[in-house]
Each structure stands twice: as structure tokens, then as C-alpha cells.
Amino acid sequence: MDTKALRRIAYERRLEVLEMVHRTGSGHIGGDMSCMDALVTLFYEVMDVEKRRANAPDADHFVLSKGHCAEALYTVLADRGFFPKERLQTYAQFGTKLAEHPTHGLEGVDVATGALGHGFPVACGMALGKKRDKMPGHIYTLMGDGEQAEGSVWEAVMFAAKYELDNLTAIVDRNHLQISGTTEEVMPLGDLGARYAAFGWNVVGCSGHDYAAMQKAFLTRAPGRPTAVILDTVKGKGSPIMENKAEWHHLIPNDAQYEAIRADLLRAAEEG
Amino acid sequence: MAKVSCRKAICARILELARQDPRIWAVCTDSRGSVTIGAMAEELPEQFVELGIAEQNAVAVAAGLALTGKTVFACGPACFLAARAYEQVKVDVAYNRTDVKILGVSAGVSYGPLGCTHTSLHDFASMRSLPNLEVIAPSDAVQARAVADYLVSHRGPAYVRMGRGDVEAVYGEGEPFEMGKAKTVREGGDVTLIACGEMVWHAKEAASLLEREGISARVLDLFFLKPADEDAIRRAARETGAIVTVEEHSVNGGLGELVTHVVCADCPVPVRALGFPDEETLVGKSGDLFSHYGLTAEHIAAAARGVIAQKEGRRT
């Protein structure tokens, strides 16, 4: 697909997220917006979604390690036919499978996540299992940059290098913000790519809002080495009301903000 | 019968089963020696994964491997797996219902001389409270082998808790066990001694002491703490009218509370719960600690006399 088409898809999904978050008063809209372009690139251009839907043994798999951006993933899964779109209406409601963090047993979700620093190590186990089985299919996982402070992340970084998990790509949504402020104030990450490289990873960096660059980055492979893709992103991407503001990590837009953000997203969808 | 540790027995059986089934894997935390799973690492390296001293990652990776169709034994000292990696057990294993069996070895006060960093006297409480997770504490080598067979034939999360030392045989070779049910070690009508893990042998010894006094003690091995055989507990209360529980665990949240919960709800009778008190455990070998904290056959027999007196309305 060309950039214009992907952009339209991504902003349609952003609009769905905005609606879900505003309607239910639940969610983490800032991170949803920063990682949406990456999710769209993965699910519409990079991964073999047909195989995954059919639960083929050689399918590509995706683990949302930053589980708090579940609503972004849900809009993509619904649009890609994993479950009916009507189910998005149940998001965060009593008894739903669509919790504010991905739940086990939901179509397209291999593993429930939400406690940070879990999805990535689990994805490493999946990658090792597939690798030793000589089973094709790539494992992708998406982490937040605030999540990088979890010690379990670095246990997994060492592990993936030791076991030469070249069927694993760990993507970091480097939006530079977390609940309390910038990552550099809260717990500095410095040159995050250099840190992964120092542990023996193949490292690629690009804009997390450039579909063509991401497509190339996500398909980068290095024999015998896992790949980290550090995405430079904007938290709250799509509306100046939210962009680069830490409080929009999990703010809920009021009615006026909702209308203004919606107008911004509709405009951005057309810009392509 | 020669004394054999539960950890050696279960790992020997896991290796036998893994030879026949390439989907049976083990992950380890620089602990293959203490777990006694080194032979599997040597013989079946493609089914073995060394994680290093990284319990959180070990359990998470085990869950990931399970998602690719393996039955994975995540092995290491119970004190670390049940504490450092507790969130991984809760989220990656129990909540996600991955086919991971946590093998916690050197549990309880096996590492008593190493101090309280190395005790695991909390793990029944923490593990029992996780939905989807079975909790099993084998009492001897014969039962540990049988538990290995069960674990590979039954999909789903489990926590298996075993001590370090060689243990006396409670059962003869080939003894059958019904998984999820209490095992009656001996029948008796005056009092029931309910134990799990290595305390079962101590309870059996206590029953022998009581027999000499003309007291008939039933001994139940509640090796499945979850699901617990509540019917056997209720029968014990109704038929013997007095119960003593014995566990190498804190008195908070373990076997004693489990039994008391059932008994109080359905058929109240006197229950005395023996275990470790809610205080920092002294340093020492497990045998010395059992003596100090009242977990020997003599202590169990004394507690039995106490609950029998209570049942009969006598002062103790």
C-alpha cells in the first residue's frame, strides 16, 4: 500500500481509539497514538495476517508488551478481521474480553500482557521454541520506552542474544514520555539503541510515523542476532492538544477536547 | 527402602518422559545441580534451556516456550521462583494458562543454615491464591515420580514444591495415587493427622507413637493443596472429630488454614495447625528447626492428644 492509504488506515484507527477512550473514560491514549503507525505497518504490510488468523504453525506472531495500549491493538485486530468490529463497543465494559490490557483467549492475542516487562521475555521464549523447531514465522513484540526500566527487560535482552534469536524483532516505541515526565527525568535511557547493540543485538532506528522506513526496519534480519527497532515517535501523535504532553499518557478527553482532537485526526487522515 | 530426595525422583522421571516426548522441556536458573536436572541438560540439550540467574526471565521464557506447544518445567530453588518470579507465575503462567510446571526445590527450611533469604515458608499461601494454578507438595520419591507422570499428561499450570534432602519412604514402589485426592497413609478413628510434603513421614511416625498409647490416628497426605480434597477433610472431621495439620510452611495461608476453612464451614471440630510461626526463622539445619518449632513426631503426637482432649471436653 502507498503511504496515503496506510495513513488513512492509521488515522481511522486513531479515530476509533479516540471514540472508545472518550466513550468509556478508559485507556492510555497518548501511547495508543504514538504506536498506531507501527501497529498498522505490522498488521497491514509486514506480517502474514491470514496465516495468523488461521492459527497456522508458521504464522508470524505479535506480542504487545506495552499492554496498556490494548485499545490501539483492538482497533487493528478488528479491522484485520480477527473479531467483529461491533465488539469494540464492549471495550472496558463489565465482563468483556476487551479489557484495558490484552486478555488471554482473545483472537490475535497470544499472551495477556499489562504488567510491564513481561510480554518481551515471553516473546523470547516463543522465538526460541520456534527456532529450535525450525519453524518459520517471525516473532514481533512492541515495548514502551518507560518499560525499559524493568529489570526483566534486560534479562531477556541478554537471553535473546545468547540464543541468537534472529526470528525475533523487539520494537521500542521511543516517545520519550511516561506518566511522571520524560524518560530522561524518570530513569534515563540515553542512547537506547547503543545499549541494545552493546548486548549484541542488531539495531535499527527510524521514525515511528514513516511507514516505508518502518516496513524496511521491521523486515531487517541479522543472522544469529535479534533485531531491535527503536522508533522515534510522538506521544499523542495526531493532535497538537495531546502531542508530546506527558499527562496525555492516560488523560481522558472532555467533550470539547474530544471534538477538537477528532477534527485534528480527520484533517490528518486526509493530508496523506 | 533407600532414602531418595523428591527432587531427584521427579527429575529422573522427567528425563525418562522427555526421552520419549520431544515436547517436554526444562528451563533452569544456574541451578541444574541443586535441581538435579543436569542429566537432562547433557542428554537432551535441545529440550533444555539455561537462563542463568534470572528467575523472572526463566518463568516468562517457559511461558513463551509453552505457547509453541511445549510442556515446560521451570526449575530452580523455591525461595526464588516463588518470590522473585511470583509476578511471572501469576501473569505469564497462571493467568495465561500456559503449560508450565514450576518446580521449586530446596523449599521450606531445606536451606535453613543459609538464613531467611533462602527459606520458602510463604509459597503455599502465595501460590494457592492464584487462579488456574495447581499446587502440589509430594511427600516422598515414589509420589514425586507419580506426580511427574501426572504433570506431563495433564495440560496446565502447576507449582510443585519439594525439599532438598533425602527423605524416608512413605510409600512402597508402585503405590497408586489419585491425583487431586488426599492419600490415606493409614486409617484411624480417634484423630486425623493431615500433612503434606516431607511432614507426612513425621505424621506417620506420630501415628505410630499414638498407637502405642491406644490412640488410633488417621494420616492423610494432602499432597494436592490445590485442588484440595475437601471431601477427605470433611470425612476426617466427621469420622474422627479432631484434626492436627502439619506443614513445613508459615502457619499463615498454608495447609492449616486450608483445612480449618473447610472444617469451620461444614463440620466444626477442634483443629491444631502446626507450622512455622509468624516470625523470623532461626538459622539451623532443618532437623534442628523442626525440633525447635515443634514439627517432630513427638510434637505432632502431643498436639493430637490435645485435640482429642478438646473433642472430649477435657481441659488440656
Side-chain angles (χ1 to χ4, degrees), chain A residues 52 55-59 61-63 65 67 99 101-106 109-141 150-165 167-168 170, chain B residues 18 21-30 44-74 76 80-81 84-100 102 130-133 155-157:
Chain A
R52 178 65 189 85
N55 286 320
D58 60 342
H61 289 259
F62 173 75
V63 175
S65 197
H101 297 95
T103 49
H104 170 69
L106 183 67
V109 174
D110 289 295
V111 59
T113 52
L116 294 173
H118 282 250
F120 169 45
V122 171
C124 287
M126 293 167 70
L128 179 64
K130 298 261 184 200
K131 189 175 168 73
R132 284 200 182 166
D133 286 347
K134 299 185 173 50
M135 181 64 72
H138 202 77
I139 310 293
Y140 294 93
T141 183
E150 291 280 9
S152 57
V153 166
W154 298 95
E155 291 183 8
V157 169
M158 280 190 271
F159 172 87
K162 173 184 169 172
Y163 287 99
E164 303 180 347
L165 301 182
N167 57 344
L168 174 76
Chain B
D21 185 349
R23 290 169 308 157
I24 298 172
W25 285 40
V27 308
C28 214
T29 56
D30 194 24
L44 303 171
E46 286 295 298
Q47 290 160 252
F48 183 87
V49 186
E50 176 58 73
L51 271 294
I53 307 165
E55 291 80 12
Q56 298 178 69
N57 201 38
V59 174
V61 163
L65 291 169
L67 288 169
T68 67
K70 282 81 178 164
T71 293
V72 188
F73 289 89
F80 307 131
L81 286 179
R84 175 76 69 102
Y86 184 57
E87 192 181 69
Q88 280 74 17
V89 177
K90 173 193 167 203
V91 175
D92 305 340
V93 177
Y95 181 38
N96 276 294
R97 293 182 218 168
T98 47
D99 195 18
V100 175
I102 311 291
L130 296 179
N132 302 332
L133 186 72
R155 266 193 69 80

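It should be emphasised that the depicted structure is a prediction, and the values quoted were computed from it without experimental measurement. Labels below follow one simple rule: chain letters A, B, ... track the order of the sequence lines, proteins then strands, and each chain is numbered from 1.
Proximity to chain B is limited to the side chain of A:Tyr163, based on heavy atoms less than 4.5 angstrom apart. Within the 4.5 angstrom heavy-atom criterion, no atom of A:Thr113 approaches chain B. Both the backbone and the side chain of A:Ala112 come within less than 4.5 Å of a heavy atom of chain B. No part of B:Val72 comes within reach of chain A, as not one of its non-hydrogen atoms sits under 4.5 angstrom from that chain. Residue B:Glu50 touches chain A through both its backbone and its side chain, counting heavy-atom pairs closer than 4.5 Å.
In this structure, A:Arg132 places its CZ atom where more than 12 heavy-atom neighbours from other residues, nucleotides or ligands lie under 6.0 Å away.
In terms of non-hydrogen atom pairs under 4.5 Å with chain A, the most contact-rich of B:Asn57, B:Ile53, B:Thr68 is B:Asn57. Contact count versus chain B (heavy atoms, under 4.5 Å) is highest, among A:Met158, A:His118, A:Met126, A:His104, for A:His118. Counting heavy-atom pairs under 4.5 Å between each of B:Leu65, B:Val61, B:Asn96, B:Thr98 and chain A puts B:Asn96 at the top.
Heavy atoms only, all atoms of each residue included: B:Lys70 and A:Gly129 are closest at NZ-O, 3.4 Å. Nearest heavy-atom pair across B:Leu67 and A:Asp110 is CD2-O, 3.6 Å. The heavy-atom pair separating A:Ser152 from B:Gln56 by the smallest distance is CB-OE1, 3.7 Å.
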